[in-house]
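In this text, all values refer to a predicted model and were calculated from it rather than measured experimentally. Throughout, protein chains are lettered first and strands after them, A, B, ... in sequence-line order, and every chain is numbered starting at 1.
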Amino acid sequence: MHDIRAIRDNPEAFDEGLARRGLEGLSSEVLGLDEQRRAQILLAETGKADLNKLSKQAGEAKAGGDAAQFQEISESVSVRKSLIAANVELAEALDEKLRDMLMTIPNLPLDEVPDGRDEADNVEIHRWGTPRNFNFAPKEHFDIEGVKPGMDFATAAKLSGSRFVVLKGAVTRVHRALAQMMLDTHVEDHGLTELWTPVLVKSEAMYGTNQLPKFAEDSYQTTNGWWLIPTAEVTLTNTVAGEILEEAQLPIRMTAHTQCFRSEAGSSGKDTTGMLRQHQFEKVEMVTICTPQTALAEHARMTNCAQAILEKLGLPYRTIVLCTGDMGFGAQKTHDLEVWLPGQNKYREISSVSTCGPFQARRMNARYRPRMAEGTGKAETAAKPEFLATLNGSGLAIGRCLIAVLENGQQADGSVELPAVLHPYLRGKTRISSAGVLE
RNA sequence: GGAGAGGUGGCGGAGUGGUCGAUCGCGCCGGUCUCGAAAACCGGAGUGGGUGCAAGCCCACCGUGGGUUCGAAUCCCACCCUCUCCGCCA
């Protein structure tokens with residue numbers, strides 16, 4: 001959510017930011033509403049101040065035993081009350097209207113983010129690994145002989161419909177090994193704290209991380225009002241909602257392995273075969289809570305954490321900066337990691353790492369108390385709470401990572417050689433045979 | 001699901017109709033003392049909003065939403081949440 005003061009102070013910058021995202025300027029609309037709202041607040045509060053004064057006088061009259069005076073004041077109060085109530089109601093309505101408007105306006109891109117309309121304008125900033133030279137035509141994951149017995153879309157369709165999968169045998173072991181390897185790496189090599197969280201959350205949490213109010217149709221809701229999280233960003237980030245942290249506690253770097261649920265409402269027809277795009281999938285998520293000043297450094301760090309996983313797996317990838325027109329709603333800057341999928345002969349998104357600045361924190365009312373500079377301890381310099389910065393990134397999407405491992409490791413005979421880093425997690429097994437057996 | 005207790009400022013914990021935005025303790029900040037620190041003592045400090053060049057003034061906030069009253073943290077109603085015990089259960 002945007003800070004109305006910032007818009008008031010610099011409406012041009014606000015509109016320029018929106019323009020960079022390909023959106024119409026909204027400052028005049030927002031500020032017009034803000035002005036109305038403030039005028040109404042003034043009206044309502046003046047009325048309330050009046051009433052408060054009269055109440056006090058009534059109390060004094062009563063204490064002084066002046067019944068006539070008390071009677072007169074009481075009556076004058078009741079006459080004014082309804083008018084003031086109407087003013088208060090209108091003020092609240094305008095306040096809510098402004099808040100609702102601010103809630104649906106996306107975050108502004110940082111200066112350094114490249115301008116552009118869509119994914120064609122994204123900029124590659126890093127490339128690692130060389131796609132293997134296959135001496136045969138590499139297949140997509142669901143067509144590889146050794147994978148077929150372990151990836152059952154027909155049975156999943158019977159149970160749940162399209163965009164679901166049943167994994168069996170060797171493939172489940174690899175899937176599970178990937179999750180463990182990612183978590184262990186983040187915890188031990190990268191110093192993140194592992195959390196295990198609910199996947200059912202209240203609406204407030206979904207508001208905090210921008211899924212609501214604008215993107216309700218992308219997620220699932222239970223009959224009693226809980227939402228199924230589309231990503232652990234929701235639970236991890238909202239752990240600090242409503243809190244005031246001490247600067248010394250920062251940064252807080254978290255990771256969690258969870259199920260994720262997405263309706264994929266806007267993507268019918270896209271990636272319909274295979275398990276690239278599912279309604280239910282697993283992901284290891286990373287979230288950092290820090291000061292706005294350190295957010296960019298943390299963003300770079302988090303990108304490295306995600307890249308490290310792909311490098312450990314020996315999977316070729318590239319990292320791109322999303323252009324202004326392709327960034328998600330809450331992001332100030334986003335890196336996407338794209339892994340090489342030989343079956344598709346393409347790089348495909350496997351991780352998205354974003355800094356939101358104080359945008360989500362403002363929604364969540366998540367703040368920190370800045371450390372005071374030494375020797376400046378006057379009362380007026382006492383540290384006021386400020387909004388935190390929040391960052392999130394996949395580290396990584398496990399299903400997509402599984403696909404990448406299978407496609408990149410496939411052999412001419414339909415077997416799959418698995419990355420060495422996974423062998424310990426497979427009790428020394430190194431490959432899936434063309435018959436689908438882990439050996 | 002049943003019974004009970006409770007939700008107050010950064011934390012702990014008072015407060016049961018009118019200078020209570022809230023006693024007190026801890027923690028925090030400044031000062032005195034000290035070579036320096038600790039202790040002790042003195043002083044300061046809630047959050048959000050409106051208004052004003054500013055000093056300041058005003059409004060709201062004691063889980064949430066209603067109600068009673070001239071006036072509510074305090075009384076009434078509904079809801080939410082937490083904790084304890086019992087039951088059931090992975």
A.B. asks: Once you apply a heavy-atom cut-off of 4.0 Å, does D95(A) come out as touching a base, just sugar-phosphate, or nothing?
C.D. replies: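 Nothing: the residue D95(A), judged by heavy atoms under 4.0 Å, touches no strand.
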
A.B. asks: Once you apply a heavy-atom cut-off of 4.0 Å, does R37(A) come out as touching a base, just sugar-phosphate, or nothing?
C.D. replies: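 The residue R37(A) makes sugar-phosphate contact but no base contact.
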
A.B. asks: Does E45(A) contact rG49(B) through a side-chain donor or acceptor facing the base, at a distance under 3.5 Å?
C.D. replies: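 Per atom types, the contact qualifies.
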
A.B. asks: Report yes if the distance between the aromatic ring centroids of F164(A) and H279(A) is under 6.0 Å, otherwise no.
C.D. replies: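 Yes, they do, as the ring centres are separated by less than 6.0 Å.
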
A.B. asks: Please tell me which of the listed nucleotides, rG48(B), rC70(B), rC59(B), lies nearest to the side chain of A58(A)?
C.D. replies: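 From the listed options, rC70(B) comes nearest.
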
A.B. asks: Could you tell me which nucleotide pairs with rA37(B) by Watson-Crick or G-U wobble geometry, both distances under 3.5 Å, or answer none if nothing does?
C.D. replies: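 Answer to the pairing question: none, since rA37(B) forms no Watson-Crick or G-U pair.
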
A.B. asks: Cut-off 3.5 Å, side chains only: do T430(A) and H423(A) have a donor facing an acceptor?
C.D. replies: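 The criterion, which ignores hydrogens and geometry beyond distance, is not satisfied for H423(A) and T430(A).
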
A.B. asks: Please work out if L42(A) contacts a base, only the sugar-phosphate, or nothing of the nucleic acid, heavy-atom cut-off 4.0 Å.
C.D. replies: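 Sugar-phosphate contact only - L42(A) comes under 4.0 Å of backbone atoms but never of a base.
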
A.B. asks: Please find the pair of heavy atoms, one from L402(A) and one from M151(A), that lie closest to each other, and give the distance.
C.D. replies: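 Heavy-atom minimum between the residues: CD2-CE, 4.2 Å.
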
A.B. asks: Looking at rG10(B), which nucleotide sits across from it as a Watson-Crick or G-U wobble partner, both distances under 3.5 angstrom, or is there none?
C.D. replies: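 Result: rC26(B).
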
A.B. asks: Figure out the CD/P separation between E92(A) and rG50(B), and round it to whole Å.
C.D. replies: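 It works out to 14 Å between those atoms.
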
A.B. asks: Please classify the nucleic acid contact of R99(A) as base, sugar-phosphate, or nothing, using heavy-atom distances under 4.0 Å.
C.D. replies: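 Here R99(A) touches no strand at all.
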
A.B. asks: According to the Watson-Crick and G-U wobble definitions, with both distances under 3.5 Å, which nucleotide is paired to rG21(B)?
C.D. replies: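 Partner of rG21(B): none.
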
A.B. asks: When you get a sec, tell me which of rG48(B), rC59(B), rG71(B) is the closest nucleotide to the side chain of K48(A)?
C.D. replies: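 The answer is rC59(B), which lies nearest to the side chain.
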
A.B. asks: Is the shortest heavy-atom distance from the side chain of K333(A) to the side chain of S354(A) under 4.5 Å?
C.D. replies: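 Side-chain contact under 4.5 Å: no.
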
A.B. asks: Counting heavy atoms from C-beta on, name the nucleotide in rG50(B), rC70(B), rG10(B) closest to the side chain of S74(A).
C.D. replies: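 Side chain of S74(A) sits closest to rC70(B).
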
A.B. asks: Report the distance from atom CD of Q40(A) to atom C1' of rG49(B), rounded to the nearest whole Å.
C.D. replies: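 Going from CD in Q40(A) over to C1' in rG49(B) covers 15 Å.
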
A.B. asks: Can you figure out which of rC58(B), rC70(B), rG50(B) approaches the side chain of S55(A) most closely?
C.D. replies: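 The closest nucleotide is rC70(B).
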
A.B. asks: Base, sugar-phosphate or nothing for K56(A)? Non-hydrogen atoms, less than 4.0 Å.
C.D. replies: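 The answer is nothing, as K56(A) stays clear of every strand by at least 4.0 Å.
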
A.B. asks: Can you find a side-chain donor-acceptor pair between S74(A) and Q71(A) that sits under 3.5 Å?
C.D. replies: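 Short answer, no.
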
